[in-house]
Every structure is written in structure tokens, then in C-alpha cells.
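Below is one structure, written out as C-alpha cells; comments come after it.
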Amino acid sequence: MSDAPSRIPAQDDDRIVTPNFVTAVVDDDLKHGRVDTIVTRFPPEPNGYLHIGHAKAICLDFGVAEDYRGRTNLRFDDTNPTTEDPEYVDAIKRDVAWLGFTWSEERYASDYFEQLYQLALRLIRMGDAYVDSQSEEAIREGRGTVTEPGVASPYRDRSVEENVDLFERMRAGEFADGAHVLRAKIDMASTNMIMRDPVLYRIRRAHHYRTGDAWPIYPLYDFAHPLSDAVEGVTHSLCTLEFVNNREIYDWLVERLFDAPLPHQYEFSRLALDHTVVSKRKLLRLVQGGFVDGWDDPRMPTLAALRRRGYTPESIREFVNRVGVTKTNARTDLGLLEASVRDDLNQQAPRVMAVLDPIPLRIEGLPATALGMHDASLWPHDVPREGTRPLPLEEQVWIERSDAALEPPKGWKRFAPGVAVRLRHGPVVQCDRVEVDESGLVTGVTGHVVDPEGDGLKVSGVVHWVAQGAAVPAEFRLVDRLFADPDPEADERDITEKVNPDSLRVVRGYVEPYVVQADADTRWQFERQGYFWRDPVDGRGDAVVFTRIVTLKDGWARKESERSEPVKKPVAPKAEPSRSAGVEPDKVAALDAAGAERLARLEALGVPRGDAVRIAGDADLADWWFEAFEAMATPDASALANWAVNELPRGLGDVPLRDARLTPASFAELVTLLVDGTIAAAVAKDLLPEIVQAGGSPAALVQERGLGRLEDEAALAGQVTAVLDAHPDEVASYLAGKEGLAGFFVGQVMRATKGRADAASVNAAVREALAARR
RNA sequence: UGGCCCGUCGUCUAAUGGCAGGACAACCGGUUUUGGUCCGGUCGGUCGGGGUUCGAAUCCCUGCGGGCCAGCCA
């Protein structure tokens, strides 16, 4: 491969993906030379539009590769001819590009059909796959359930020759749909349902949008995906959490069919957003049922819709970064997405005025000099950008209906009888009369100028407006969440019944004339209302249609709603106090005869019951432990058991005990070193994982590195003083009451001594030294 | 019910076994010709119970809670 090797970004600010558990894996793989060029892939199925959840996967797949100077393939996972369509291929490419990512190569799983077919043949010849001729129902029944093992298919033991023959005839198109399938021969009793002889190929005599009628058989995801990764040289195959169970078949296949370096799969949690659904099937239903106006209806969570609505790609990438990448099942507040666009648009969007629900304001006493065009800044004082637009003022202007009230609530800063309010970029007008119809609806306001130049008077209220003669009529589409319910998928009710009837409100009002003369792609802030832009589909040219991208934060509206509906205190659900039931007796009862015998031996040796039960319950561990015990120079069953139970697991990490380089004898040696006082516990803990990985004799390592226990009390006191002197601020905080810092000092001293000091003594010494400084 | 994955402020997310931190939201105040922005501050969290350790969000056991798996979908 001609690529430059990947490297770990020098600085975290050089990254586009903020560090997470995936980048930690990548860092580690690079550091240990397991890979040298990072290759990822983004593998959408072209059966629907990409949505905000995909944005997370895209940013991760492409972002990680970019950060490490690797590459990313865009691979269409098109193995199911009945659902896929080239329309979606185009849409997906458009969306990925829009987000700002460039793929290294455009690939299709269907490109690999021949190769995959040959691999399947190889698997059959290896005896690892067979043609099953049971009906679909029979296969399902044979699979068993999560609690009962499956039963073998009567065709499971067909000869290799017969399997090859049948599979070749499947490929030749000799059989009807469903007559046979190819299955991996794994384990019908596996606790992982996916490993119960998963189906690899099915007969589907359907037209494929790319391969046409060339193939009557199609591979399934579990077969095609790992092998496509392997042929592309993917190093890190990132996918969402629901595929964790599939990792086992992924590894099973690539290990059998490919040589190292093999691709590895890592799973992260998918992005669930409040008030939205991100299931392609459900989105399809909304589109096909006409509940929305198409995949790009601005209420939809698709990238196409977000783009049409006016979201910027930067804001979506920022949002994805704020959400982060973890394995926890998370549900993200829609406010986080909105905050991300607002942050972006606040810097980008020129400020202009529009009235969405207009009522007339008649201004009396306006001097002739005040009429006509004025220059008004497009930017507020705090956005460091230049530019003005001509803004006409007339005696009759439109103002917002919600900016006038006959009987205002407390704290009101808008028009009400007697109240003076500033027109933005214009004069201060005192309200003389508020007109109201029989239903109480405000229909107009009359007022007089109190400050024609608009710069003498200090008033707290400022209101937006548009001069009537110059005003341009416009349609405004006020988009709101598609579902009022924060978790519309929580129950089984059909999604289409839950569509928020107010998710799209269309109103007619006015914008100032400058707005329609400017670049139609401009995202505007209509002051005090929100960010808008002209709908790219329905609102260009003569059609003046604005879509609201997002509202402004509105502190007043918040207070208003509190006034009208005081929040009910949610009753805190009482946590049922859970008693830890008699754990030990249960465990003891669960032991088989051999286990009980091991338990007895352990206890006879003086191992405390809790540890003894733990070890006895695991036959492999117990054998290993007894062997270690035999090897102990000065036998201390209790300490050995303590370490086997409490420290061994961490030392092992992901390494199974049988694969560890740590032998029972070296474990015994290590524990002995600790018990006889040769080394401190911290050193033993440091050494353990190292020996697990690399092997070696603890005593030799201690000798070689001079890790013997530090006995010199004066030296210790010196270290404590040095640490305290080096951290005067922390000492001050400690003395001021932040006692948690004691641990920090102890940690520093331990580090300085490479763990050779006795922690308890350090702890005592630190506290003493600190007390002396009080 | 079996296996696997996961539990940290309201939400999202940090923290080699060593100061539980950040963002969003909320609240209070300041600046402001946007009830916006910005600035300052406040509130607020390690799911429960045991164990190991000088020291546990982190390691072990256990209980509880959530998610995924019984497609010839991906």
C-alpha cells in the first residue's frame, strides 16, 4: 500500500473528532504497530435517506481516518435487491459530501459478488458451511430460542461435494426462491443466537439495481460485511451497538478466510434524539403516507431536510462532537442540536427585520427628516463584522401583534398604553392607544414620537417593524418538532398517529425590502424571532418563502409559560432499598461436587470463605491457583487468594488466563515478594499486567530495576516535603478544607518513588506534614 | 427466562486506582437600540449493598435498571 503511515495527532486541537474510546483503540494499535494506515468505511444501505444519526457515524468514520491520515471508503451495502434504489445512492453521496467529507473510494458490496461467492465456496470446502434445504419455518424453529438450544438441520452433514454441487446450482439459478440457503456450520447450541448456523446466502431471483439479473443468490449482511471489510483492507470497522452480537460471526469469518492484518469491529451507541425518530423504516412510512412532504421536508431528521431547512454542515459536525462517542444508551436533548446551529448562525447571519403576525402602528409627529431611507447596521455591536443596508421609515409601519397589549403583565417592555418603546434602528414611540377587537385580539396601535432621532432617550423596550409601503409580503414556514412526544418510539403505537399537528405553521407577513434583493442563500436573523432562510425549493425567485431554521432563545416566553402553567414537581420515584441477599450461600449451593471439593480444600488451606467460593466456582482458575500455591516458597493461601480474586482480573485485562504469559509460579513469586515485604503493593500491581503480557520473573525484574521497597524514612520525608513544596496552591486548598487533596499528594509521592514506598506510611507522612503547615 | 452490551449533574460527556471536571439546559446578576449575543456567578451527579486498597466513579462480588439478539433485513 502506498499510503503514508498513520500517526497519532500531535495535539488534541488538531483533531476533528474529540478523543473517545475508538480513538483510544486506534492510538493503541498504532503505538503497538498492529496497523500502520488507518482504513475505515462508511457502509450505508441505499434503501433510504441519511439522517442525523448517520451524521454521527459519518463524522466518526471519516473524521478518525482524517485525523490519523488514513482513508475512508464509501461502501454501499447493497446485498438486498428488493429494497435498494439508485435514487438513494445519489442522495447519500450528496449528503456525505455536503457534510464536508471526501471518500477515498466509492465501493459497492455488489462489486464483490463474485469474490464473495468464491469465498463461500472455500468455506464449504473447508467444511465450515453447508446447504440447508429446510423451509424458512423449519430453519426458524430449529434455531431454538434464547433459552433453549437449537437443533441441527437434517442437511447439516451433507458431504462437501454435495454442498459444492448444490451451491453452484443455486448460483446457476436452478432453484426457486427459498428452496435452499447456505449456512455456516458453527454451533446450534451457542448462547449467541447469531452463531446458530447463520444463513450466509439466500436465493432471491430479483433484479438488482446494479448487477441486474446476473445473480439469483445474494449474500447476507453477516457474510458480506466482514468480508467486504477484509477485501478493502479496512482496519477499524465502526458500527452501532446493535451489532455487538454480530462481532462473533465477523471474527469467525475473517479469521477463516483472510490472513492478518484482519479488520476489527468496534461498536458505539447510536444517536437517539428527543422528539425525533431515526429509523429508516419509520421515516419511509412518514414519506410514503404523505405525513410529510418528502425526505427533505424541513421537519424531517434527514440530512437532506436539515440542509433544506438551512442548517449548516458545520453546525451538525459541531453537534456530533458535543454528543461524543460512547457505548452508553443515550438519548440526546434536541436543545443541544439547536444550540449548535445558533452558535454557528450567530456569527454568520446578518440581522434584518420581518413581521410575522402584522398589525399596523400609526406614528404621529414624525418629522419629515425622519422619513425615508436610513442606513442600518446588519450586525449587532458584539459581532465584529461591517455592513449596513438601507432601511425605509414611514408613518405607518407593521409591528408584531405580540408586541402590544392592552393590559400588560408585570415586566412588560413592549407597547401598552402610555409605554414608550424604541423601534429598532428608529425613533422612540410612546403608545397612546391599543385597539382591540371584540374577542380581545390586538388589532392596531397608535402612538407619537417622543424622540425622533432615536438617540436621546433611554427605554428598555425595543421592537422590530417594517415600513408598510416598502414592505415585501412573504410566507413564513415555522417548523417545529415533528413529534411532541420526546420519545415517539417508546410505545408500539404507530408513528404516524403521533405527528405533532403544529410541526409546521405557515403564516403570512412582511420582510424589509433589502432581504429580497440580497443573495437568496443568505441565512438571516430576523431580529427577536429566529434564523430563517429562503426555502431552496419553494421560496426562490418571485416566491418569497422563508423557513425558520431555529428560533432565538426566548427568556421572556419562558417566564410567560411559567406564569400560566406552574411546573408540577415531579415526584421523585422512591428507590426500592435492595438488600444484598445471602450471596454466599447461593453461590455455595450452586457448586457442583467437584466445586464443593475445591471449596473444602481452599478453606482447609485458610482461604477466607468469600474468596474461596469465588475461586472454587471457576475450575480453570482453581487449578491454576492450586498450582501457584504449590509453588509458593512461604505459603500464604490467604494472600494468594486475595490477589487472585481482587488483583488478577485487572492484571489480565482482556487476556484470558490460559493465554497469559503469567505462570502460576510467577504469580506465586510475585505475591510472595509482596508478603515478605520485599516490594510494596504498588510495585506488585504495576508488575502484574506487564508480566501477563510479556512474561518474566518478578524477582528478577525487581532486582534488575531496583524496585525493592523503600525503607528509608528520611528519604520518604524528603519526598513528601518536595511534593508539598512543588504544589503550594494545592497545599493552600487543602488547608482551606479541601481534604480530598490528601490523596493527590499521596499519589504524587508514590509516583516520585515509582511505587516503592509503603503507601500507608506515605499517607501518614503526608497528613503529618500537612498538619505541621496548618 | 439464556447470552452479550451499558449505568457519572435534568441531558450529553470527562477523570493511569489519587482535586468528580466540561458542554447543553435551568437559575441569579452585569453589559446591550434583539427579552438575542457576550461576561460573571449559582444550583446540580458517581444506581443500591458488600468486598479489595493508605485511597474506588474506576478493580472484585451481588442486587437493581436500561439496551441488543430467536429475519432467507442491515
Side-chain angles (χ1 to χ4, degrees), chain A residues 43 45 47 77 79-80 83 136 139-140 143-148 150 177-178 181 190-194 196 199 201-204 218 220-222 225 241-246 248 267 269 274 280 322-324 326-333 335-336 339-340 342 346 351 380-383 411 413-414 422-426 454-455 459-464 525 527-529 552-559 575-581 583 586-587 610 613-614 642 645-647 649-650 681 685 730 733-734 738 740-748 750-751 758-764:
Chain A
E45 185 190 10
N47 68 345
D77 240 331
T79 56
N80 184 359
T83 57
E136 200 173 334
I139 289 179
R140 185 163 44 244
R143 190 149 31 221
T145 69
V146 290
T147 49
E148 317 152 38
D177 284 11
V181 291
S190 173
T191 52
N192 181 355
M193 294 293 291
I194 289 176
R196 322 247 259 228
V199 175
Y201 267 90
R202 78 283 220 188
I203 300 172
R204 189 80 104 231
Y218 292 91
L220 278 95
Y221 171 88
D222 277 328
H225 195 89
L241 238 31
E242 65 268 27
F243 292 98
V244 238
N245 297 319
N246 304 61
E248 204 174 342
E267 312 85 14
S269 74
D274 276 350
K280 275 200 260 183
R322 291 184 189 185
V323 168
T326 63
K327 292 171 90 80
T328 41
N329 300 307
R331 169 152 219 101
T332 297
D333 191 335
L336 198 61
S340 303
R342 287 194 190 107
N346 180 46
R351 273 45 169 195
H381 62 96
D382 49 270
V383 176
K413 301 205 288 192
R414 293 111 97 141
R422 177 182 304 284
L423 298 189
R424 175 74 162 146
H425 300 298
D455 46 12
V459 288
S460 55
V462 182
V463 137
H464 61 274
Q525 186 194 105
E527 293 207 47
R528 305 209 301 136
Q529 315 238 48
L552 253 30
K553 253 168 61 178
D554 187 350
W556 175 251
R558 226 166 29 227
K559 282 185 186 152
E576 206 46 44
S578 71
R579 288 276 94 209
S580 82
V583 164
D586 285 359
K587 284 286 222 176
V613 170
R614 269 282 294 142
N642 184 347
V645 169
N646 290 300
E647 301 299 336
R650 191 214 306 266
K685 288 178 189 179
E730 282 81 3
S733 309
Y734 177 88
K738 196 163 177 175
L741 279 164
F744 165 74
F745 297 122
V746 174
Q748 292 295 316
M750 291 303 289
R751 191 158 311 169
D758 172 61
S761 321
V762 172
N763 196 33

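The chains referred to below are lettered A, B, ... by the order of the sequence lines, with proteins before strands, and numbering in each begins at 1. The shown structure was predicted, so the numbers you read here are calculated from the model rather than taken from an experiment.
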What does A:Glu45 touch in the nucleic acid at a heavy-atom separation under 4.0 angstrom: a base, only the sugar-phosphate, or nothing?
sugar-phosphate

Taking donor-acceptor contacts at under 3.5 Å, does the side chain of A:Arg414 reach the base of B:G35?
yes

Using atom CG of A:Leu423 as one end and atom C1' of B:U33 as the other, report the distance to the nearest whole Å.
11 Å

With a 4.0 Å cut-off on N to O distance, would you call A:Asp177 and A:Arg204 a salt bridge?
no

Quiz question: going by heavy-atom distance under 3.5 Å, is there a donor-acceptor pair between the base of B:U34 and the side chain of A:Arg351?
yes

Between A:Arg614 (CZ) and B:C60 (C1'), how many Å, whole number?
7 Å

Could you work out the separation of B:A14 and B:G55 based on their P atoms and round it to a whole Å?
28 Å

What integer number of Å spans the C1' atoms of B:G36 and B:U31?
13 Å

In whole Å, measure the gap between the P atoms of B:C38 and B:U1 for me.
49 Å

In which stems does RNA chain B show up, taking only runs of three or more Watson-Crick or G-U wobble pairs whose two distances fall under 3.5 Å?
B:2-7 with B:64-69, B:10-13 with B:21-24, B:26-30 with B:38-42, B:47-51 with B:59-63

Can a side-chain donor-acceptor contact be found between A:Asn245 and A:Asn192 if the only test is distance below 3.5 angstrom?
no

Contact pattern, 5' to 3', of nucleotides 9-17 of chain B - B, S or - by protein heavy atom under 4.0 Å:
--SSSS-BB

Could you work out which one of B:U32, B:G21, B:C4 sits closest to the side chain of A:Asn245?
B:C4

Expressed as a whole number of angstroms, how long is the span from A:Asn246:CG to B:G67:P?
19 Å

Could you tell me how far B:G48 sits from B:C68 if I compare only their C1' atoms? Round to whole Å.
25 Å

